[in-house]
Visitor: 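The structure follows.
Every heavy atom of this structure was used, including side-chain atoms; hydrogens, water molecules and symmetry mates were not. First the proteins, then the strands, lettered A, B, ... as listed; each starts at 1.
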Protein chains: 2
Amino acid sequence: MRWNEIESDVCSVARTLSVVGDRWTLLILRDCFLGSRRFDEFQKNIGLSRHRLTDRLNKLVEHELLLKKPYQDNPPRSEYVLTAKGKDIHPVLVTLTGWGNKWMQDGDGVPLLYHHKKCEHITQPQLSCDHCGDSIDASNMYVTPGPGILKKLQRGVSPSYVPKRLLKLFKDTLNLDAQK
Amino acid sequence: MRWNEIESDVCSVARTLSVVGDRWTLLILRDCFLGSRRFDEFQKNIGLSRHRLTDRLNKLVEHELLLKKPYQDNPPRSEYVLTAKGKDIHPVLVTLTGWGNKWMQDGDGVPLLYHHKKCEHITQPQLSCDHCGDSIDASNMYVTPGPGILKKLQRGVSPSYVPKRLLKLFKDTLNLDAQK
DNA sequence: ATAGTAGGTTCCATTTTAGAACTTGTAAAG
DNA sequence: CTTTACAAGTTCTAAAATGGAACCTACTAT
């Protein structure tokens with residue numbers, strides 16, 4: 001399966017990875033959040049080849065996570081700034097950092113510390129339910145089919161990644177709905 | 001720069017990506033959280049080549065995100081189950097899903113819905129400060145150097161990815177500390 | 001006149017990947 | 001018994017992605 005096929009998978013994880021799921025893209029975005037904006041800055045910080053960087057920046061601009069913004073005309077030079085869509089990647093970087101801080105330390109401790117402006121404490125943000133506010137993790141969550149899957153099932157398409165066990169459950173859901 | 005060099009970068013994002021930052025690994029873990037455990041199950045759900053899958057599963061076992069657990073002897077067959085380290089990837093998948101749900105929809109709506117067992121509501125978990133509990137995002141957070149970076153600076157090593165602007169700030173921090 | 005900066009592009013060798021075929025040992029179906 | 005299926009791989013080759021170095025262009029500073 002190729003990148004562009006992943007993009008059309010009926011799965012938000014797969015779709016997101018089709019944009020940011022390579023070796024470099026999230027590192028570029030990390031740098032954006034730390035204040036980098038220019039080609040050479042990214043190249044020096046990250047250490048990828050100029051070729052790859054051109055490619056990845058173009059992709060991020062295409063997908064509208066970054067905006068290419070001219071800052072001089074002659075010679076033409078641009079900087080890359082985060083759009084709203086790009087800024088929304090922040091939680092992904094925060095959770096990746098959290099995992100790395102916990103599980104990938106060398107002997108020297110955490111590389112960077114997050115601080116919460118409001119309470120002025122060091123923080124490693126955690127997920128909480130956006131309805132009741134309680135903290136939430138894999139053990140107190142479950143999934144059900146959303147409209148995106150149900151509509152495909154109604155059209156006879158079975159999203160490849162959904163385990164048979166769940167598919168059956170989802171089809172039962174459909175039948176129950178139909179009987180109403 | 002190669003994968004194994006990324007692993008030793010002084011950055012928790014880079015280190016995490018050295019384990020899960022390719023096209024397939026997070027999709028394998030997604031499937032684990034949805035209940036998949038066996039080779040063929042992953043292969044069918046995800047649609048990657050058997051060759052790649054072997055490789056990725058081995059890497060996940062090496063890094064101890066998955067445990068390879070024999071379930072019969074003749075012929076030898078195993079299943080792959082999440083370890084604590086693997087389960088801790090869940091927040092990453094949740095935030096990736098959140099972004100995909102918001103920014104990568106086709107016309108049919110969200111593929112899967114998350115539910116919170118306790119309050120029984122549909123939820124898209126959000127990050128909150130683990131000290132004060134308030135919701136938190138890029139605009140109300142900032143970073144400072146942690147021991148992992150400071151110790152490297154003291155040894156004269158400059159972590160490549162830290163923008164010069166921040167490096168200077170960090171070195172000032174060191175000088176202030178030294179003057180105490 | 002030379003070196004440096006910024007943001008690329010071009011080229012080629014190396015590495016990684018996709019996809020299909022093959023393997024091994026068992027069990028079930030005809 | 002012979003074929004088919006299943007599970008979990010391994011092997012092979014062509015195609016795609018990548019790394020790294022060199023080159024290009026239009027300024028600016030020394």
Visitor: Counting side-chain heavy atoms from CB outward, which of D:dT25, D:dA16, D:dA8 is closest to B:R77?
Guide: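 Comparing D:dT25, D:dA16, D:dA8 against the side chain of B:R77, the answer is D:dA8.
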Visitor: Is the count of non-hydrogen atoms from other residues, nucleotides or ligands lying under 6.0 Å from A:E5 atom CD greater than 12?
Guide: yes
Visitor: If you round to the nearest 0.5 Å, how far is CZ of B:R30 from CG of B:L26?
Guide: 10.0 Å
Visitor: What is the separation between atom CZ on B:F39 and atom C1' on D:dA5, rounded to the nearest whole Å?
Guide: 17 Å
Visitor: So, does B:Y80 get its side chain near the phosphate of D:dA7, meaning an N or O under 4.0 Å from OP1 or OP2?
Guide: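 For D:dA7, OP1/OP2 do not have a side-chain N/O of B:Y80 under 4.0 Å.
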Visitor: With heavy atoms under 4.0 Å as the rule, sort A:W24 into base, sugar-phosphate or nothing.
Guide: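 Sugar-phosphate, backbone atoms only, no base.
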Visitor: Atom CD1 of A:I46 to atom C1' of D:dG19: distance rounded to whole Å?
Guide: 15 Å
Visitor: Without decimals, in angstroms, what is the distance between A:N4 CG and D:dA16 P?
Guide: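 So the CG-P distance, A:N4 to D:dA16, works out to 11 Å.
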Visitor: With a non-hydrogen cut-off below 4.0 angstrom, is B:N74 in contact with a base, only sugar-phosphate, or nothing?
Guide: sugar-phosphate
Visitor: Could you give the CZ-to-P distance, from A:F42 to C:dG8, as a whole number of Å?
Guide: 11 Å
Visitor: Starting at the 5' end of DNA chain C, which residue's closest nucleotide do you reach first, A:E5 or A:N58?
Guide: A:N58
Visitor: Show the numbers, then the answer: is there a side chain to side chain donor-acceptor pair (under 3.5 Å) between B:R77 and B:Q72?
Guide: CA-CA 5 Å; B:R77 293 287 177 265; B:Q72 71 176 39; over 6 Å; no
Visitor: Taking the side chain of A:R2 as its heavy atoms from C-beta onward, which of C:dT17, C:dT26, C:dG19 lies nearest to it?
Guide: C:dG19
Visitor: Report yes or no: do B:S128 and A:S128 form a side-chain donor-acceptor pair below 3.5 Å?
Guide: yes
Visitor: Does B:K68 put a side-chain nitrogen or oxygen below 4.0 Å from OP1 or OP2 of D:dG9?
Guide: yes
Visitor: Is it the case that the base of C:dG8 and the side chain of A:R50 share a donor-acceptor contact (distance under 3.5 Å, atom types as modelled)?
Guide: yes
Visitor: On DNA chain D, nearest-nucleotide positions of A:D22 versus B:P76: which is more 5'?
Guide: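 Here B:P76 is the residue nearer the 5' end.
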Visitor: Where the side chain of A:R23 is concerned, which of D:dG9, D:dT18, C:dG8 is the nearest nucleotide?
Guide: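 The closest nucleotide is D:dT18.
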Visitor: B:L48 CG to C:dT16 C1': how many Å, rounded?
Guide: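 Taking atom C1' of C:dT16 as the reference, CG of B:L48 is at 13 Å.
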Visitor: Does A:R38 count as lying over the ring of A:Y71, i.e. NZ or CZ under 6.0 Å from the six-ring centre, within 45 degrees of the axis?
Guide: yes
Visitor: When the distance from CE of A:M1 to C1' of C:dA20 is rounded to whole Å, what number comes out?
Guide: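 Distance check: A:M1 CE to C:dA20 C1' gives 16 Å.
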Visitor: Among C:dA6, D:dA8, C:dT26, which nucleotide sits nearest the side chain of A:Y71?
Guide: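 Per side-chain heavy atoms of A:Y71, the pick is C:dA6.
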Visitor: The side chain of A:S49 is closest to which nucleotide in this list: D:dG9, D:dA7, D:dG20?
Guide: D:dG20
Visitor: For the pair made of CG in B:L27 and C1' in C:dT17, what is the distance, rounded to whole Å?
Guide: 15 Å
Visitor: In terms of side-chain heavy atoms of B:R52, which of C:dT9, C:dT17, D:dA8 is nearest?
Guide: C:dT17
Visitor: Given side chain to side chain donor-acceptor pair (under 3.5 Å), test A:H115 with B:T144 step by step and report yes or no.
Guide: CA-CA 8 Å; A:H115 297 253; B:T144 60; 2.5 Å; yes
Visitor: Taking NE2 from A:H51 and C1' from D:dG20, how many angstroms apart are they, rounded to a whole number?
Guide: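 The distance from NE2 of A:H51 to C1' of D:dG20 comes to 11 Å, rounded to the nearest Å.
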